[in-house]
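Notes follow the structure.
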Amino acid sequence: MTELATRRIATRDLAPLARLLADPDDLARVNPSAKHPFDAAEWREKWLNEADDEAFYLVDGAGREVGFFALRVGIGPEVRHLAYVFVEEAMRGGSGARLAELAESAARDLGALTITLKVELDNPAAVNLYHGAGYEEISRRNGLATMRRDLD
C-alpha cells in the first residue's frame, strides 16, 4: 500500500479539495448540504470556518492529496468529531484503516480524549472499518450510526 500522511488544510488551500470533489456524487456523499458544484468560498465560510475545528488532506508518498477529513469540536474540546471523510476512488480498498489511524493521531494532537463519527448504514465497508478500528456504535437514526472511540 502507498504510504499515507496528513497535511493540515489552510483556508486558502482548497484547490485540492475542489479537485477531489469535482464529481457531484462524491460531493453529495461528503456533504449533502453543500452547493453543487464545489464552491470554495462556501466551504471556507460554512464548512471549514469554526475557529477550533481542523481539516486535513490525506497525502500519498509523493505529496499528492488523495483524500481529506475534518475534526470538529464535539461536546467540549476533549471530544473531536470526524467529519467530511473522503478518499479518492483509486486509493479505496485498503487506505481506510490508515486514515482512521491518522485521524485519531491528529485528534490526540489536538488534545482529544474521544473521537466520534457518523457513518451511513448503507456503507457496510465503512461500518466494518470503524468497528475493526475499535469504535463502538452508540446509536442508529435516519440511516446513520453514531460511533465513538476513546483514545489511549
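- Rounding to the nearest 0.5 angstrom, the gap separating the CG atom in Leu48 from the CG atom in Leu14 is 6.5 Å.
- Placement of Trp47 and Leu144 in two distinct hydrophobic clusters is found when ILVMFWY residues are connected by side-chain heavy-atom separations under 4.5 Å, directly or transitively.
- Distance alone, capped at 3.5 Å, places no donor-acceptor pair between the Arg80 side chain and the Ala106 backbone.
- For Arg108 (side chain) and Leu151 (main-chain N/O), no donor-acceptor pair under 3.5 Å exists by modelled atom type.
- Hydrophobic cluster membership is shared by Phe38 and Leu20, with clusters built from Ile, Leu, Val, Met, Phe, Trp and Tyr side chains linked at under 4.5 angstrom.
- Transitive grouping of hydrophobic side chains (ILVMFWY, heavy atoms separated by less than 4.5 Å) keeps Leu27 and Val119 in distinct clusters.
- The CG atom of Asp53 lies 12.0 Å from the CD1 atom of Ile9; values are rounded to the nearest 0.5 Å.
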Please table the atom pairs, donor to acceptor, closer than 3.5 Å between any side-chain atom in residues 82-92 and protein atoms at least two apart or in another chain.
from  : atom 1 : to    : atom 2 : distance (Å)
Tyr84 : OH     : Arg72 : NH1    : 3.3
Glu88 : OE1    : Arg64 : NH2    : 3.2
Glu88 : OE2    : Arg64 : NH1    : 2.7
Glu88 : OE2    : Arg64 : NH2    : 3.4
Arg92 : NE     : Val87 : O      : 2.7
Arg92 : NH2    : Val87 : O      : 3.0

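- Taken from CG in Leu58 to CZ in Phe68, the straight-line distance is 10.5 Å, to the nearest 0.5 Å.
- Counting only residues at least two apart or on different chains, the ring pair (Phe, Tyr, Trp, His ring centres under 6.0 Å) pairs with a member in residues 132-152 are Tyr130-Tyr135.
- Here the side chains of Leu71 and Ile115 are in contact, with some heavy-atom distance below 4.5 Å.
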Would Arg140 and Leu121 count as a side-chain contact (heavy atoms from CB on, under 4.5 Å) if you check the C-alpha gap in whole Å, the side-chain angles of each, and the deciding distance to 0.1 Å? CA-CA 8 Å; Arg140 285 182 179 213; Leu121 291 167; 3.6 Å; yes
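- Under the 4.5 Å side-chain contact rule for hydrophobic residues, Met147 and Leu99 share a cluster.
- Shown here for Asp39 and Ala41, the closest heavy-atom pair between the two residues is OD1-N, 3.0 Å.
- Looking at Arg148, its side chain never comes within 3.5 Å of a backbone N or O of Ile138 through a donor-acceptor pair.
- Scanning all heavy atoms of the two residues, the minimum distance from Arg149 to Ala133 falls at NE-O, 2.8 Å.
- In the hydrophobic clustering of this structure, Val73 does not group with Val79; members are Ile, Leu, Val, Met, Phe, Trp, Tyr whose side-chain heavy atoms approach within less than 4.5 Å, directly or through other members.
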Kindly list each side-chain donor-acceptor pair under 3.5 angstrom involving residues 29-37, sequence neighbours excluded, with atom names and distances?
from  : atom 1 : to    : atom 2 : distance (Å)
Arg29 : NH2    : Asp26 : OD1    : 2.6
Asn31 : OD1    : Ser33 : N      : 3.1
Asn31 : OD1    : Ala34 : N      : 3.4

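- The CG atom of Asn49 sits 10.0 Å away from the CZ atom of Arg44 when rounded to the nearest 0.5 Å.
- Annotation: the span from Thr116 atom OG1 to Glu136 atom CD amounts to 11.5 Å, rounded to 0.5 Å.
- Taking both residues in full, the closest heavy atoms of Leu4 and Ser95 are given as CD1-CB, 3.5 Å, listed atom of the first, atom of the second, then distance.
- Atom CG of Leu117 and atom NE2 of His81 lie 6.5 Å apart (nearest 0.5 Å).
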